[in-house]
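Taking it in order: structure first as structure tokens, then the write-up.
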2 protein chains.
Amino acid sequence: MMRTAADIRRMNSFAVVRAIHANGGASRRELVDITGLSFATVAAICTKLLELGVIAEVARKRAPAGRPTATLSLNPEHGFLLGVDIAETYVHVEAFDAALEPISSTQYDIDTHERSPDQVVERVKSAIAAERARHQGRALLGVGVSAPGQVDQVGGTSVFAPNWDWHDVPLRDMLADSVDAPLFLDNPLKSLAIAEMWAHPERRGQDFVVLNLGTGVGAGIAIGGRVVRGRMNSAGEWGHMVIVADGRACRCGSRGCVEAYVGAPGILQTLREAYPDSPLLHGDDQTATIAALAAAADDGDPAALDVIERTSHYLGIATASIVNLLNPDIVLLGSWVAELLGKHLLDRARTHLQAHALAVPMAAVAFELQHPRGNSVSLGSATFALEGYLDSVPDGTTDPETTPRRRTVG
Amino acid sequence: MMRTAADIRRMNSFAVVRAIHANGGASRRELVDITGLSFATVAAICTKLLELGVIAEVARKRAPAGRPTATLSLNPEHGFLLGVDIAETYVHVEAFDAALEPISSTQYDIDTHERSPDQVVERVKSAIAAERARHQGRALLGVGVSAPGQVDQVGGTSVFAPNWDWHDVPLRDMLADSVDAPLFLDNPLKSLAIAEMWAHPERRGQDFVVLNLGTGVGAGIAIGGRVVRGRMNSAGEWGHMVIVADGRACRCGSRGCVEAYVGAPGILQTLREAYPDSPLLHGDDQTATIAALAAAADDGDPAALDVIERTSHYLGIATASIVNLLNPDIVLLGSWVAELLGKHLLDRARTHLQAHALAVPMAAVAFELQHPRGNSVSLGSATFALEGYLDSVPDGTTDPETTPRRRTVG
Ligand SMILES: [Zn+2]
Ligand SMILES: [Zn+2]
């Protein structure tokens with residue numbers, strides 16, 4: 001339960017690498033200011049990371065008085081990472097260089113009728129193979145995999161994926177023979193939160209929530225610089241908070257969940273119930289229907305705008321619940337439904353959020369679309385892999401000095 | 001934003017005092033094991049706390065080999081603390097010795113029609129004066145005050161108390177002339193969480209939620225050993241999460257909030273709507289009506305049991321939302337409605353919780369009644385005062401060694 005000295009050293013390494021990454025390069029002195037670590041600790045970590053090739057000196061500038069100062073950056077040449085987003089309708093594998101910049105990606109649809117573990121894993125393996133082939137000769141540092149639903153990140157299994165009725169699928173073992181690098185498994189909520197934390201330096205001092213709007217919906221939550229996991233790594237199931245007691249049946253077995261209204265199938269249901277003959281309906285094809293809704297809304301189509309308004313109502317209410325409960329600095333809308341419909345949803349949902357949130361937390365929260373570089377779930381997964389890689393190498397310090405945090409207990 | 005060395009020293013002092021308190025006494029060696037701090041740091045802190053009289057050596061036992069080992073306890077003789085619970089229907093002032101054991105209390109009702117800041121503050125002052133008079137000659141170390149609604153704990157003001165329509169009431173200043181000791185203000189949700197953390201050593205490694213069931217309802221939340229405050233100290237407003245979209249009007253201005261169904265006035269409304277002529281109704285007197293409901297339920301009265309079942313339905317749904325979102329180790333029901341109705345609510349609410357929570361977080365969570373020693377909000381407030389007192393004295397160490405935590409980022 002307690003943190004060991006090794007944990008603390010690893011956290012310090014992470015803090016340094018994150019600070020370098022988030023600031024697009026930094027000097028040792030700047031790293032001391034950003035991380036709150038001592039100069040000696042920062043210098044030792046940097047020496048080790050330079051030795052390993054994880055970071056590189058990219059520029060030297062002469063200070064007004066004294067020695068020249070080197071700017072350190074992540075070294076993109078050090079190798080590459082794969083970030084795998086197993087969503088419910090597609091598999092997206094994205095390659096990132098060791099500075100976490102996206103370099104290429106492969107995406108395959110998952111057919112509604114090909115959802116057995118073997119079938120999905122085959123798709124994933126194909127996409128990984130395609131990306132590996134593109135980067136032959138480069139060192140693969142690690143693979144991060146995000147799978148929907150409940151994930152045991154330690155055991156590497158998909159504990160329960162409700163939409164596929166998967167139970168205890170040993171994903172890491174099934175994928176092991178296609179990747180000769182460490183594989184890290186988690187779910188998209190944690191990936192979104194970690195991606196946001198690495199991409200934006202100010203997030204480390206904030207409480208924030210990334211709402212994942214896809215087939216399923218959920219929340220990546222970070223409080224005080226840490227991703228909230230809960231006891232069984234299942235925290236973030238915002239999609240299964242009840243907003244309509246005894247409302248629509250949800251695939252989780254409960255009724256009236258957020259997801260039943262705001263998840264892509266819920267939006268389709270709203271459209272189908274209100275406009276059963278709508279030309280926007282593409283059967284059960286979520287992506288095509290959501291894309292058609294977005295295009296029609298762009299053209300001012302009243303039916304599309306009505307469905308978006310109804311969805312915004314539920315989204316605003318459900319966002320208010322999390323704003324009231326956690327009083328976060330920022331709530332972001334992410335994932336593919338947000339990418340397609342976000343600009344139509346955001347302001348409408350904000351109106352309903354305002355009507356349901358208390359004044360104090362409402363005044364404090366920013367409510368925005370997430371703007372990821374590349375697929376944010378893939379980025380987050382690749383980030384886990386980078387953290388895992390950093391974890392596997394010693395950091396060069398012997399004295400565990402803990403990264404300061406902004407809040408104290410109590 | 002960063003923690004200073006002084007913050008870290010204070011946290012270490014807290015960790016030692018908490019460990020001594022929570023374990024009912026401990027040796028220095030045991031404190032090293034419990035806190036994860038070095039022996040040198042623990043020894044220096046203990047020396048300072050002994051000097052100050054905050055702790056005392058209560059026993060010495062000879063180890064099988066080697067020097068005798070002293071057991072350290074909080075020193076009840078060091079002075080006393082007052083914990084003030086300003087609720088919406090009463091003011092409860094409880095005196096605790098410096099080992100946080102309750103020693104006496106005074107409670108006054110607040111009349112429905114006497115809710116101006118001046119009127120309520122007069123009640124509080126009277127109750128404080130009564131308790132002070134009982135303990136003349138003892139040193140008052142500090143006063144902790146809990147006020148309902150949004151509280152600015154730094155500025156010492158009640159930002160907004162919805163039930164009383166208070167805005168920016170400078171409570172700390174108004175109470176200053178009646179207490180010649182430091183006064184710490186916060187709201188009951190934070191008090192409940194901190195009381196739970198001090199009273200039960202295992203809580204420090206848990207994610208837990210104390211649901212405050214009173215006139216208003218809310219959640220004291222602790223994650224990874226820290227009370228969740230949010231950006232403006234307003235985290236925990238579980239009572240204003242929507243569980244019935246467009247449902248009952250809530251006093252916050254929204255509709256369908258948890259509080260509108262589960263708060264004491266909501267329970268009265270359920271009773272009144274279903275049984276308008278019920279003899280259990282005592283007008284707007286919440287305490288009398290809830291007590292009558294509890295007594296009738298003890299006797300198997302069908303109307304009382306029906307109202308309790310309806311309330312349990314909403315309570316179970318709203319608990320499921322927090323279980324799904326946070327995946328906590330434990331959810332506790334506390335405050336006066338839980339004390340009166342808890343034994344009737346708990347198992348019924350658990351049934352609805354099970355129907356609405358996902359399997360993984362449901363299997364992980366314990367759902368229980370809180371069993372405080374004394375008034376738990378008063379205890380938590382007194383604890384803030386004790387922490388504030390400890391904060392005001394140097395801890396004797398110079399080397400800031402941070403208390404290890406169980407979880408790392410990511
Ligand atoms: Zn559900
Ligand atoms: Zn409300």
Side-chain angles (χ1 to χ4, degrees), chain A residues 1-4 7-8 10-11 14 36 150 159-160 194 205 207 219 223-238 240-245 247 252 254 314 317 320-322 324-329 355-356 358-361 364 384 387 402 404-410, chain B residues 1-3 7-8 10-11 14 36 150 159-160 194 205 207 219 223-238 240-245 247 252 254 314 317 320-322 324-329 355-356 358-361 364-365 384 387 402 404-410:
Chain A
M1 304 289 277
M2 293 295 180
R3 275 199 317 221
T4 63
D7 288 337
I8 295 171
R10 190 181 59 208
M11 288 178 63
F14 285 180
Q150 312 273 322
V159 177
F160 179 47
I194 204 81
D207 295 350
I223 293 181
R226 294 193 290 170
V227 174
V228 174
R229 296 186 171 280
R231 181 170 168 78
M232 303 294 289
N233 195 36
S234 96
E237 293 291 353
W238 169 75
H240 302 284
M241 285 175 34
V242 173
I243 51 171
V244 184
C252 76
S254 176
Y314 294 113
I317 285 177
S321 287
I322 212 165
N324 286 338
L325 191 69
L326 298 179
N327 184 203
D329 297 86
H356 291 88
L358 299 173
V360 169
F384 281 125
E387 290 190 347
T402 298
R405 299 184 173 287
R406 84 172 153 151
R407 283 171 193 165
T408 52
V409 179
Chain B
M1 303 290 278
M2 292 296 180
R3 277 201 314 223
D7 287 337
I8 294 171
R10 191 182 59 211
M11 287 177 64
F14 285 1
Q150 311 274 322
V159 177
F160 179 47
I194 204 81
D207 295 350
I223 294 182
R226 294 193 290 171
V227 174
V228 174
R229 296 187 170 279
R231 181 171 169 78
M232 304 293 291
N233 196 37
S234 96
E237 292 291 352
W238 169 75
H240 302 285
M241 286 177 32
V242 173
I243 51 171
V244 185
C252 76
S254 176
Y314 294 113
I317 285 177
S321 287
I322 212 165
N324 286 337
L325 191 69
L326 297 179
N327 184 202
D329 298 84
H356 290 88
L358 299 172
V360 169
V365 74
F384 282 126
E387 290 190 348
T402 299
R405 299 183 172 290
R406 82 171 156 154
R407 283 170 192 168
T408 54
V409 180

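Throughout, protein chains are lettered first and strands after them, A, B, ... in sequence-line order, and every chain is numbered starting at 1.
Contacts between A:V228 and chain B at a heavy-atom distance below 4.5 Å involve the side chain alone, from C-beta outward. Contacts of A:A320 with chain B are absent, with no heavy-atom separation under 4.5 Å from either backbone or side chain. A:L358 touches chain B through its side chain: at least one heavy atom from C-beta onward sits under 4.5 Å away, while N, CA, C and O do not. For A:V159, the part lying under 4.5 angstrom from a heavy atom of chain B is the side chain only.
Taking chain A as the reference chain and counting heavy-atom pairs below 4.5 Å, the highest number among B:S321, B:P328, B:G236 is found for B:S321. Comparing B:S254, B:S234, B:A245 by how many heavy-atom pairs each has under 4.5 Å with chain A, the most go to B:S234. Across A:V360, A:I322, A:I317, A:L326, the residue that shares the most heavy-atom pairs under 4.5 angstrom with chain B is A:V360. Ranking A:A359, A:P361, A:C252 against chain B, the residue ahead of the rest is A:P361, based on heavy-atom pairs under 4.5 Å.
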**OP:** Start with the C-alpha distance between B:M241 and A:H356, add both sets of side-chain angles, then the distance that settles side-chain contact (heavy atoms from CB on, under 4.5 Å), and finish with yes or no.
**Re:** CA-CA 8 Å; B:M241 286 177 32; A:H356 291 88; over 6 Å; no
Original post:
Stepwise, does the side-chain contact (heavy atoms from CB on, under 4.5 Å) test hold for A:V244 with B:V244?
Top reply: CA-CA 5 Å; A:V244 184; B:V244 185; over 6 Å; no
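Nearest heavy atoms, A:R231 versus B:D329: NH1-OD2, 2.8 Å. A:R226 approaches B:I223 most closely through the heavy-atom pair NH2-O, 4.1 Å. B:A364 and A:M232 get closest at one heavy-atom pair: CB-CG, 3.5 Å.
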